[in-house]
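Reminder, nothing fancy here: chain letters follow the sequence lines and each chain counts from 1.
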Protein chains: 2
Amino acid sequence: MTLHSTFAALADPTRHKILMLLKKKDMSAGEIGSHFDITAPSLSHHLGILKNADLVKSRRNGQEIIYSLSISTFEELSDTMINFFKTK
Amino acid sequence: MTLHSTFAALADPTRHKILMLLKKKDMSAGEIGSHFDITAPSLSHHLGILKNADLVKSRRNGQEIIYSLSISTFEELSDTMINFFKTK
DNA sequence: TATATATTTAGATAGTTGTCTAAATATTTA
DNA sequence: TAAATATTTAGACAACTATCTAAATATATA
């Protein structure tokens with residue numbers, strides 16, 4: 001994954017809101033969806049993009065898929081932004 | 001400007017490369033363009049997006065428009081990423 | 001095993017975006 | 001003031017993306 005594709009994953013209001021929700025607690029796809037006015041397939045599409053960008057992880061729990069933030073990726077992204085000016 | 005629109009501005013490889021070039025030194029649109037294989041209008045389009053996102057500033061110098069990074073926006077973005085997990 | 005629940009995959013479509021050419025604007029120089 | 005240089009604006013178009021419906025997959029329960 002390139003840096004700009006990570007930014008692309010962050011560059012959508014729905015995905016941004018998903019990340020904000022997952023900050024509070026891990027949630028199933030269905031629980032995440034209850035906060036939006038889009039269909040399950042649309043939500044799944046966004047979750048797939050976030051997962052592909054390593055911004056979230058998922059695990060199965062019975063019938064549900066539980067999503068959670070991938071902390072390390074955010075830490076790396078913080079570092080990238082901080083170091084942006086340090087290297088010419 | 002919203003956070004996700006700032007990310008959208010960062011989410012393109014050409015714009016990412018423009019920012020990397022401007023890290024080294026301020027440059028005119030023409031000098032920036034010499035590093036790419038796209039037409040001047042395409043480049044201008046990207047510069048407009050970066051400017052609109054407050055990621056770069058521009059000033060006129062004779063016939064040239066000189067572009068430079070908008071440091072404060074990057075600092076704010078660093079802070080945003082660092083603080084991402086600190087607030088629920 | 002059949003049915004219900006949770007989620008994803010597949011395929012279609014409308015809206016967005018990056019690119020181009022042509023034309024316009026701004027500044028400098030002959 | 002006319003021509004040259006630097007850049008942007010306008011408009012068209014192809015590629016990409018977010019959305020939808022329909023169907024498929026996986027798990028749990030009657």
Side-chain angles (χ1 to χ4, degrees), chain A residues 1-22 24-70 73, chain B residues 1-22 24-70 73:
Chain A
M1 289 296 290
T2 58
L3 184 58
H4 63 261
S5 64
T6 302
F7 284 130
L10 292 166
D12 177 272
T14 300
R15 293 194 289 270
H16 184 234
K17 189 172 167 188
I18 291 170
L19 296 173
M20 288 301 173
L21 288 169
L22 292 179
K24 296 184 197 156
K25 65 183 173 82
D26 296 1
M27 285 187 197
S28 69
E31 185 173 2
I32 295 167
S34 72
H35 292 82
F36 294 91
D37 223 17
I38 58 176
T39 61
S42 295
L43 181 71
S44 184
H45 163 75
H46 287 301
L47 290 171
I49 288 170
L50 290 172
K51 206 177 157 184
N52 213 259
D54 285 325
L55 289 166
V56 305
K57 292 173 291 187
S58 69
R59 62 181 188 275
R60 181 173 280 278
N61 183 274
Q63 286 158 291
E64 299 180 328
I65 310 280
I66 308 295
Y67 284 88
S68 58
L69 291 182
S70 189
T73 303
Chain B
M1 290 295 289
T2 59
L3 184 57
H4 62 261
S5 64
T6 302
F7 284 129
L10 293 165
D12 177 90
T14 300
R15 292 194 290 271
H16 184 235
K17 190 173 167 188
I18 291 170
L19 295 173
M20 288 301 173
L21 288 168
L22 292 179
K24 296 183 196 155
K25 65 182 174 80
D26 296 0
M27 285 185 196
S28 69
E31 185 173 2
I32 295 168
S34 72
H35 292 84
F36 294 92
D37 222 16
I38 59 176
T39 61
S42 294
L43 181 71
S44 184
H45 163 76
H46 288 300
L47 291 171
I49 288 169
L50 289 173
K51 206 177 156 185
N52 212 260
D54 285 324
L55 289 166
V56 305
K57 291 173 293 189
S58 69
R59 61 181 188 275
R60 181 173 280 279
N61 183 274
Q63 287 159 290
E64 301 180 327
I65 310 279
I66 309 295
Y67 283 88
S68 58
L69 291 182
S70 188
T73 304

Give the nucleotide from the list [options] with an atom nearest to the side chain of [X].
X       : options                : answer
B:Gln63 : D:dA28, C:dT28, C:dG18 : C:dT28
B:Ser44 : D:dT8, D:dA18, C:dG18  : D:dT8
B:Pro41 : D:dC20, D:dA10, C:dT7  : D:dA10
B:His45 : C:dT21, C:dG18, C:dA6  : C:dG18
A:Arg60 : C:dT7, D:dT27, D:dT21  : D:dT27

| request: Output yes when a side-chain donor or acceptor of B:Lys17 lies under 3.5 Å from a complementary backbone atom of B:Phe36, and no otherwise. | output: no

Quick one: label [X] by what it contacts on the DNA or RNA (base, sugar-phosphate, nothing), any heavy atom closer than 4.0 Å.
X       : result
B:Ile32 : nothing
A:Ala40 : base
A:Ile49 : sugar-phosphate
A:Ile38 : sugar-phosphate
B:Tyr67 : sugar-phosphate

| field | Rounded distance in Å - CD (A:Glu64) to P (C:dT5) | value | 13 Å

| query | Paired with D:dC16 by Watson-Crick or G-U wobble geometry, both distances under 3.5 Å: which nucleotide is it? | reply | C:dG15

| field | Taking every non-hydrogen atom, the tightest pair across B:Leu47 and B:Ile32 | value | CD2-CD1, 4.0 Å

| Starting at the 5' end of DNA chain D, which residue's closest nucleotide do you reach first, B:Glu31 or A:Asp37? | B:Glu31

| Are any non-hydrogen side-chain atoms of B:Leu3 and A:Leu10 less than 4.5 angstrom apart? | no

| Hey, does B:Ser70 have a side-chain heavy atom less than 4.5 Å from the side chain of B:Leu55? | no

